[in-house]
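Contents: one structure, followed by commentary.
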Amino acid sequence: MPPTKMKSADPTPAPKRQHKADAKTAAHPHAKPRPLTRIQREKQNVILEAALEVFSMHGFRGATIDQIAEVAGMSKPNLLYYFPRKEEIHRRLIAALLETWLAPLKEMDGAGDPFPEIRSYIRRKLEMARDYPRESRLFANEMLQGAPRIVEMIEVDLKSLVDEKARLLSRWMDQGKLARTDPYHLIFSIWATTQHYADFDVQVRAVLGPGRNGEGRFEDAARYLEQLFLHGLTPRPKSA
């Protein structure tokens, strides 16, 4: 009786099977994709985490599949089974990042008072600069290259949300609750000042020096930016 072949401990199918699956999908484009197993989801997450590290360091053009596979601790063919192209990995990361990036702005509530709402937005953006520096650098790299891979997301998802919140800010200004200013450039200014602490973190810590470059620098920044923006947005008494 011939010996029984043992199944590989790695549940990942061989890449050739993926090609067959791709051909089947192409032949039946409306077929519902088979849900991923827990192990497959875990492997995808490992790849995406490794890709975030590589892309945030080298940008899209400088990053390679080999680098991502090495950081992920898997073979290149195994990685390509899950993500056949570098562009697909990058797009998944950017799509998730944009959703995370927009969440604080979505939470700005028109039913609330403008000053607490804007203060909360500033603080949430600084928290993201503190907690997601790699994601911020990934996004900045994409912007510096002209956003060729996410321009549709920016022109649709990002723009529609900013338009909505600009209308909200303008309404608060019309009601006399905020000083009159350009709502779009106000949002841009909050983005620029808060994300600076992620994108230029090395510079910030070097300039602040050992006495001030710890975690407390984010609280210091929050207090300063609150004072800067909220003082500037305080309505002034009309002259007689």
Side-chain angles (χ1 to χ4, degrees), residues 12 18 21-22 25-26 29-74 76 78-108 121 124-166 184 187-188 190-192 194-199:
T12 304
Q18 176 64 17
D22 291 342
T25 301
H30 301 295
K32 189 175 181 180
R34 182 179 299 177
L36 297 175
T37 66
R38 177 184 59 81
I39 293 177
Q40 287 173 329
R41 288 194 302 270
E42 288 174 356
K43 291 232 175 179
Q44 280 198 353
N45 290 336
V46 168
I47 293 168
L48 291 170
E49 175 67 19
L52 174 60
E53 186 70 26
V54 174
F55 283 132
S56 66
M57 289 179 60
H58 304 288
F60 177 81
R61 294 176 183 172
T64 67
I65 288 290
D66 293 282
Q67 290 171 329
I68 297 170
E70 181 178 358
V71 174
M74 62 176 60
K76 182 176 179 180
N78 196 6
L79 184 150
L80 292 173
Y81 167 73
Y82 291 99
F83 295 100
R85 299 169 66 244
K86 181 175 73 169
E87 289 80 0
E88 186 179 340
I89 305 175
H90 189 267
R91 186 171 181 82
R92 276 280 297 272
L93 285 173
I94 288 289
L97 169 59
L98 195 58
E99 183 177 343
T100 301
W101 236 236
L102 295 181
L105 189 56
K106 288 179 180 177
E107 293 173 11
M108 188 181 289
Y121 182 53
R124 286 196 295 269
K125 289 293 290 178
L126 277 171
E127 289 169 1
M128 293 185 67
R130 179 194 65 201
D131 298 337
Y132 301 102
R134 296 178 303 170
E135 288 84 347
S136 184
R137 290 193 295 272
L138 172 66
F139 191 75
N141 278 329
E142 182 67 13
M143 294 302 102
L144 289 172
Q145 294 175 21
R149 288 158 288 275
I150 62 166
V151 65
E152 291 181 4
M153 298 181 198
I154 296 173
E155 292 177 345
V156 178
D157 299 336
L158 179 60
K159 177 170 172 49
S160 63
L161 178 61
V162 173
D163 286 344
E164 174 192 335
K165 299 307 178 181
Y184 288 93
I187 293 172
F188 296 159
I190 294 174
W191 290 351
T194 53
Q195 286 180 227
H196 175 86
Y197 292 91
D199 301 339

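All residue numbers in this chain count up from 1 along the given sequence. Keep in mind that what you see is a predicted model, and the values were worked out from it rather than measured. As a basis for the values below, the full set of heavy atoms in this structure was taken, side chains included, without hydrogen atoms, waters or symmetry mates.
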Set of side-chain contact (heavy atoms from CB on, under 4.5 Å) partners for Thr64, sequence neighbours left out: Asp66, Gln67
Look up atom CD in Gln195 and atom CG in Leu126, then write down how far apart they are to the nearest 0.5 Å. 10.0 Å
N/O donor-acceptor pair under 3.5 Å between Lys125 side chain and Pro104 backbone: no
Count the heavy atoms of every other residue, nucleotide or ligand shown that sit under 6.0 Å from CD of Gln44, and state whether that count exceeds 12. yes
Which class fits the ring pair Phe55 and His90: parallel under 30°, tilted 30 to 60°, perpendicular over 60°? perpendicular
Any side-chain heavy atom of Lys86 within less than 4.5 Å of one from Phe60? yes
With rounding to the nearest 0.5 Å, note down the distance linking CD1 in Ile68 to CD1 in Ile89. 4.5 Å
Salt bridge check: are Glu42 and Arg38 linked by an N-O gap of less than 4.0 Å? yes
Enumerate the residue pairs fulfilling side-chain hydrogen bond (donor to acceptor under 3.5 Å, both in side chains) with a member in residues 54-63, sequence neighbours excluded, ordered by first and then second residue. none
Would you call Trp191 and Val162 a side-chain contact if the rule is heavy atoms closer than 4.5 Å? yes
Over all atoms of both residues, closest heavy-atom pair of Ala198 and Ala129: CB-O, 3.5 Å
Val46 and Ala72 have their tightest heavy-atom pair at CG1-O, 3.6 Å
Output the distance between atom CZ (Arg124) and atom CD1 (Ile190), rounded to the nearest 0.5 Å. 10.5 Å
Given side chains that start at C-beta, do those of Phe83 and Arg92 come closer than 4.5 Å, heavy atoms only? yes
The reported gap from CE in Met74 to CG in Leu80 (rounded to nearest 0.5 angstrom) is 10.5 Å
In short, Trp101 meets Glu135 closest at the heavy-atom pair CZ3-CB, 4.1 Å
So Leu52 and Leu97, do their side chains get closer than 4.5 Å, heavy atoms only? no
Please lay out, stage by stage, how Asp157 and Glu99 fare under the test side-chain contact (heavy atoms from CB on, under 4.5 Å). CA-CA 9 Å; Asp157 299 336; Glu99 183 177 343; over 6 Å; no
Rounded to the nearest 0.5 Å, what's the gap from CG on Leu93 to CD on Glu49? Could you check? 9.0 Å
Between CD on residue Glu70 and NZ on residue Lys76, distance to nearest 0.5 Å: 12.5 Å
Taken in chain and number order and not counting sequence neighbours, the residues that satisfy side-chain contact (heavy atoms from CB on, under 4.5 Å) with Lys165 are Leu105, Met108, Leu161, Leu168, Ile187
With no hydrogens and no angle check, is any side-chain donor or acceptor of Ser136 less than 3.5 Å from a backbone partner on Tyr132? no
Evaluate the side-chain proximity of Phe139 to Leu98: yes if any heavy-atom separation is below 4.5 Å, no if none is. yes
